[in-house]
Peer 1: 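Here it is: the structure, laid out below.
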2 protein chains.
Amino acid sequence: MPADRDTARPAAETAYDEIRRRIVAGDYEQGSPLTEAGLSTDLGVSRTPVRAALTRLAADGLVEQKSNRRIVVAEWGDSDIEEIFGLRAVLESYGAGLAAATATTAQTNDLEVLCQKMDEALAAQEPGWLAEVTALNNEFHRSVLEATGNRRLINLVASIVEIPLTHRTIGAYSVRQLENSWSEHRSITEAFRLRDGEWAASIMRSHILTGRAITQHGHEHPTAYELDPLAEDPTPQGKQKGPRR
Amino acid sequence: MPADRDTARPAAETAYDEIRRRIVAGDYEQGSPLTEAGLSTDLGVSRTPVRAALTRLAADGLVEQKSNRRIVVAEWGDSDIEEIFGLRAVLESYGAGLAAATATTAQTNDLEVLCQKMDEALAAQEPGWLAEVTALNNEFHRSVLEATGNRRLINLVASIVEIPLTHRTIGAYSVRQLENSWSEHRSITEAFRLRDGEWAASIMRSHILTGRAITQHGHEHPTAYELDPLAEDPTPQGKQKGPRR
DNA sequence: TGCGCCAAATCGGTATACAAATGATGGCGC
DNA sequence: GCGCCATCATTTGTATACCGATTTGGCGCA
């Protein structure tokens, strides 16, 4: 246990980030109970910041409060993935349409840069490239939403997307499918350049629904392409003991 | 200060509800700072539940945390109304489409009942009818979303709609416009009966965008209909002293 | 041997005490 | 007289102690 806490950052935020990271990383079993005291000793802070963190996580939907006021890690199944992709398709296509119609040249160029980086990442395929692709993909979608300037829309999508999903999702794509995905990103960028909101929205919708199809059915017959599988998991070191009980 | 606290309900939840009510009711000036100590003494609870309440309210977007870690009541203007109606149009039409395609007869009947009650409320126009109409309207939209069974969608819309808006919105409608609004509700119900998701989605979209137009431009030339204006406020009894400062 | 009740421990909810940081105000010096 | 610095007050962040409720395990009785 580190004696020198990082006093620079608020401890409540640290606790929030750490607990969130653990949940998203899958360190905790779904439905496993989280006790404030346990997390408190685990993180080396008192129960108060842990409580604040759990409150925020509950609002995010990452933990649930059972009737007996017991807090457990949220569970989800196929229906949740269905919901998430459906909502993303609706919201992100809406956002793409808005953004494309009003985007500045600078914003469009930013998307172009991201596409460029993606191409390079694909071409190079250095160790860890899957993680980089995931990051770039998230960045692209985030940039599109940011371009709308619609803070509420951004928060809405953020509250949905941030789930132990995105990680594994990319893994379901074959390289061929990844190339197609990037091609769609390029098309969206082009729609931005033409200020064609309808086109942008349409592509974004297809893009996400394609992702849904691949995530749900693409596992069966992957063209695979086995790269170094460790690269997919950004946190390889052995984790702390799992949930209590 | 009441000595006999209602120990039955959790104090944090009470604090959340009360602070939320005050914000939505407009008791606090937009951008006015909320101090934990002040709310604590106001509500008769300690700072801890107040903190929890403020955390939740921040997640809801009803309060904002300024850079200097000062918490203020969220401010909004016309652009927020624009955002909200736009998102409602997208999300609720999506929900209506989903729900209509899968709705049970019982769910459709529930909508029918609500339409019936609306007709009666309009015909009677008893004191407080505007408040009742507001409640029925909210209930209708909530029922449609509930019929989707999409918990995430429900939460998303809830996080947007619950805003110091709905109250005043209804006031902007003329009676003629209210009748039209209910007529659209009836059409949505009919679409449910026919399991016509596309139709339902389309009506819902028009319905909400009409609401946007009335809210934004309908104030200028209202056919008015001045009823007792107090009826609009569902909490008539003199509440605790207003915001500090 | 099984069922039920009681007791003890565990955990979440609340209050409060304390520390750290930030903003304001007043005084002092130039 | 103006500006800067120091001190103080206000407020948030954190820790901890206490209380009530719920659950669990054991013991006793049928």
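Proteins come first, then strands; the chains are lettered A, B, ... in the order of their sequence lines, and each starts at number 1.
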Peer 1: Strictly below 4.0 Å, N to O, side chains only: are B:Glu139 and B:Lys117 in salt-bridge contact?
Peer 2: no
Peer 1: Measure from the side-chain heavy atoms of A:Arg47 and tell me the nearest of D:dT11, C:dG12, D:dA15.
Peer 2: C:dG12
Peer 1: Would you mind reading off the distance between A:Glu13 atom CD and D:dG13 atom P, rounded to a whole angstrom?
Peer 2: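 Spelled out: CD on A:Glu13 to P on D:dG13 is 10 Å.
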Peer 1: Once you round it to whole Å, what is the distance between P of D:dG13 and CG of A:Leu43?
Peer 2: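 That distance rounds to 18 Å.
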Peer 1: Does the side chain to side chain contact (heavy atoms under 4.5 Å, CB included) test come out yes or no for A:Tyr94 and A:Thr148, once each step is laid out?
Peer 2: CA-CA 10 Å; A:Tyr94 174 63; A:Thr148 64; over 6 Å; no
Peer 1: Closest nucleotide of DNA chain D for A:Thr48 versus for A:Arg69: which of these residues is on the 5' side?
Peer 2: A:Thr48
Peer 1: Quick one: do A:Glu146 and A:Arg151 make a salt bridge, cutoff under 4.0 Å?
Peer 2: yes
Peer 1: Determine whether the side chains of B:Tyr16 and B:Asp60 contain a donor N or O and an acceptor N or O closer than 3.5 Å.
Peer 2: yes
Peer 1: Just the rounded figure in Å: distance from P of D:dT10 to CZ of B:Arg70.
Peer 2: 12 Å
Peer 1: Without decimals, in angstroms, what is the distance between B:Leu39 CG and D:dT11 C1'?
Peer 2: 13 Å
Peer 1: Run through B:Arg70, B:Arg69, B:Arg51 and flag the one making a salt bridge (charged side-chain N to carboxylate O under 4.0 Å, His left out) with B:Glu36.
Peer 2: B:Arg51
Peer 1: Less than 4.0 angstrom between a side-chain N/O of B:Ser46 and OP1 or OP2 of C:dA15, yes or no?
Peer 2: yes
Peer 1: Are any of the side-chain nitrogens in B:Asp17 or B:Arg9 under 4.0 Å away from the carboxylate oxygens of its partner?
Peer 2: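 Looking at B:Arg9 together with B:Asp17, the answer is yes, because their closest N to O distance falls below 4.0 Å.
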Peer 1: To the nearest Å, give me how far apart CG (A:Leu34) and C1' (C:dC11) are.
Peer 2: 13 Å
Peer 1: Going by heavy atoms closer than 4.0 Å, what residues in residues 49-58 of chain B are next to DNA chain D?
Peer 2: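 Those residues whose heavy atoms fall under 4.0 Å from DNA chain D, taken from residues 49-58 of chain B in numerical order, are B:Arg51.
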Peer 1: CD of A:Glu36 versus P of D:dT16: gap in Å, rounded?
Peer 2: 15 Å
Peer 1: Please tell me which of the listed nucleotides, C:dA15, C:dT14, D:dT12, lies nearest to the side chain of B:Val45?
Peer 2: C:dA15
Peer 1: Work out which heavy atom in B:Ala147 is nearest to a heavy atom in B:Thr102; give both atom names and the distance.
Peer 2: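 Nearest heavy atoms, B:Ala147 then B:Thr102: O-OG1, 4.3 Å.
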Peer 1: Hey, does the side chain of A:Gln65 come within less than 4.0 Å of C:dG13's phosphate (OP1/OP2), counting only N and O?
Peer 2: yes
